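The analysis underlying the following values was restricted to heavy atoms, covering all of them including side chains, and did not include hydrogens, waters or symmetry mates. Just so we're clear, the structure is a prediction, and the values are computed from it rather than from any experiment.
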Amino acid sequence: MAVLSATQIVSGVGVAVGLALSSVVVDELSGSTVISGFAGTATVLGAALLALPTAKASGSGGRRAGLSLAYAAALAGCLISALAISLHTWPLLLAGLVLVGGGSAGSLAARYSATDLSPKGRSARHLSLVVWASTIGSVAGPNLAKPADQIGMRLGLVEKAGPFVFAALAFAVALALIFCLLRPDPLTLARSLNAGPDTGRSPKGTIRTAWQTLRTTPMARRALVMIAVSHTAMVSVMSMTPVKLHHDGSNLDVIGLVISLHIAGMYVLSPVVGWLADKAGKVPVLVLGMALLLSAATLAGTAGDHGIWQVTTALVLLGLGWSCGLVAGSALVTESVPLDGRPAVQGLSDLLMNVCGATGTIVAGAIVGTLGYGVLGLVVGVMAALAGVWLTFTWRTDRP
C-alpha cells in the first residue's frame with residue numbers, strides 16, 4: 001500500500017505536468033485551436049489503448065510487470081514530446097501524448113493492485129486510499145510546470161520542453177519504485193495463497209478472458225456499467241462547465257476555483273466512500289453515486305446565466321458521485337470475479353471507462369453547441385437515473 005501510494009503521488013505529478021501544458025503547446029505549434037483540442041484526446045486515447053496491454057502483462061507476469069509497462073510507456077512519451085517541441089512538430093507531439101496516456105493507465109491499474117491482498121471486507125478502503133494518494137500529485141503537478149520550464153531553459157532546452165523532461169523524470173521514479181520495491185508482487189502472492197482450482201493459470205487472451213469471465217459473473221457486468229456511466233456523466237458535464245461559465249461572463253479565476261472544488265469532490269472523500277462501501281455494501285454506494293450524479297446534473301442544467309454557486313455545488317456533487325461509482329464499482333469488480341480473471345476484467349473496465357470518457361466529451365460538446373448546457377444536464381440526469389433504477393431492480397431480483 002505504501003509503495004502504491006507513493007507511486008501514485010509521483011506519477012500523478014508526471015500526468016498533471018504534461019496535461020497542464022499539452023494543449024497550449026499543440027496550439028502554439030499547429031496555430032490551430034481546433035487541433036489543440038486533440039491534445040487531451042490523445043492522452044485519453046493512450047490510456048485506453050494501454051489499458052489492455054497493462055492488464056495482459058499483469059495477468060502473465062504480475063502487477064509489477066503491468067505497472068512497469070504503463071509507466072515505461074509514459075516515460076517514453078514524455079521524452080518524445082520534449083523532442084517534438086524541440087523540433088517544432090505537433091504531429092510528433094500528439095504521438096508522444098498518446099504514450100503519455102500510459103501514466104493514467106498505470107494510475108488506474110494501481111488502484112486494482114491495492115486490492116490483491118486485501119482482507120475480506122476491506123477492498124474498497126484499500127482501493128480508495130490509493131485513489132486518494134493521486135490527489136497530491138494531481139494538485140502539485142500543474143504548479144511545478146513553470147519552475148520546470150525555467151530550469152529546462154537554463155539547461156539549454158527550448159521553451160516548454162522542460163516540463164515534459166521533468167514529467168519523464170517523475171515517471172522514471174515511479175517505474176523505479178514499482179520495479180524495485182513492489183516485492184513480493186501482490187497478484188503473484190495472492191495467486192500462490194489462493195487454494196482455488198484456477199491458481200497459477202495465466203489468461204490466454206485478455207479480451208477473451210474478460211468476456212468469458214463476465215458471462216458467468218453478472219454482478220461484475222453491472223459494476224462495469226456503473227463505472228462507465230459514472231465516468232461518462234462526470235466527464236461530459238465537467239468538460240463543458242468551463243465553456244458555460246465563460247459564456248456567462250465568469251473569469252478564469254472563478255472557473256479555476258470551480259474545477260478545483262470539483263476535483264476535491266472527486267478525490268478528497270474517497271477514503272470515506274471506500275469505508276462506506278465496505279460497511280454498507282458496494283451496490284448501495286453505487287446507487288448513492290447515481291443519485292448524486294442525478295442531483296448534480298439537475299442543478300447544473302437548471303442554473304441560470306449567473307448561477308455560479310449552483311454550478312459550483314453541482315460540480316462538487318458530480319465529483320462525489322464519480323467517486324462513489326469508481327471506488328465502489330472497482331471494488332465490486334474485484335470481489336465478483338475469480339482471481340485469475342481479475343486483470344483481464346479490470347483492464348477491460350479501464351478500456352471502457354476511457355472510451356466512454358472520450359466519447360462523452362465529444363457528445364457533450366455537440367449537445368451544448370446545438371441544444372444548450374441545460375439539455376446536457378437533462379441527458380446526463382436521465383442516464384444516471386436509469387442506471388440507478390436498473391441496478392436496484394436487477395440487484396433485488398438476484399437476492400434470495
- [ ] Following the transitive rule for hydrophobic clusters with a side-chain heavy-atom cut-off under 4.5 Å over Ile, Leu, Val, Met, Phe, Trp and Tyr, establish whether V389 and V229 coincide in one cluster.
- [x] no
Open item on the list: Counting only heavy atoms from other residues, nucleotides and ligands, does the tally under 6.0 Å from CH2 of W390 exceed 12?
Closed with: yes
Open item on the list: On a heavy-atom basis, which atom in S230 and which in G325 lie closest, and how many Å separate them?
Closed with: OG-CA, 3.4 Å
Open item on the list: I need the full list of side chain to side chain donor-acceptor pair (under 3.5 Å) pairs touching residues 144-153, with sequence neighbours left out, sorted by first then second residue.
Closed with: none
Task: Electrostatic pair D350-R111, nearest N-O below 4.0 angstrom - done: yes
Task: Side chain S5, main chain A2, donor-acceptor under 3.5 Å - done: no
Open item on the list: Running the 4.5 Å side-chain criterion over Ile, Leu, Val, Met, Phe, Trp and Tyr, what cluster does L92 land in, apart from itself?
Closed with: I80, L83, L87, L99
Task: Identified side chain to side chain contact (heavy atoms under 4.5 Å, CB included) partner of I367 from the options V380, L376, L378 - done: L376
Task: Cationic N near anionic O, under 4.0 Å, D278 to R122 - done: no
Task: Heavy-atom donor-acceptor pair, R342 side chain to T334 backbone, under 3.5 Å - done: yes
TODO: May I have the step-by-step check of side-chain contact (heavy atoms from CB on, under 4.5 Å) for M353 and T232, ending in yes or no?
DONE: CA-CA 8 Å; M353 177 178 170; T232 304; over 6 Å; no
TODO: Examine F164 and L94 and state if one hydrophobic cluster contains both, with Ile, Leu, Val, Met, Phe, Trp and Tyr joined whenever side-chain heavy atoms are less than 4.5 Å apart.
DONE: yes
Task: Residue pair S58 / G66: nearest heavy atoms and the distance that separates them - done: OG-CA, 3.4 Å
Task: Ionic contact status for K120 with E335, cut-off 4.0 Å - done: no
Open item on the list: Would you say L293 ends up clustered with V131 if hydrophobic residues are merged whenever their side chains have heavy atoms under 4.5 Å apart, either directly or through other cluster members?
Closed with: yes
Open item on the list: Run the side-chain contact (heavy atoms from CB on, under 4.5 Å) test on K282 and S123 for me, step by step, so that the C-alpha distance in whole Å, both residues' side-chain angles and the decisive distance to 0.1 Å come before the verdict.
Closed with: CA-CA 10 Å; K282 279 71 178 177; S123 60; 4.1 Å; yes
Task: L108 reachable from L352 in the ILVMFWY side-chain graph, under 4.5 Å edges - done: yes
Open item on the list: Assigning hydrophobic clusters by single linkage (Ile, Leu, Val, Met, Phe, Trp, Tyr; side-chain heavy-atom cutoff under 4.5 Å), is L269 placed with L286?
Closed with: yes
Task: Distance-minimising heavy-atom pair for S330 and L127 - done: CB-CD1, 3.5 Å
TODO: Classify the ring geometry between H231 and W322 as parallel (under 30°), tilted (30 to 60°) or perpendicular (over 60°).
DONE: tilted
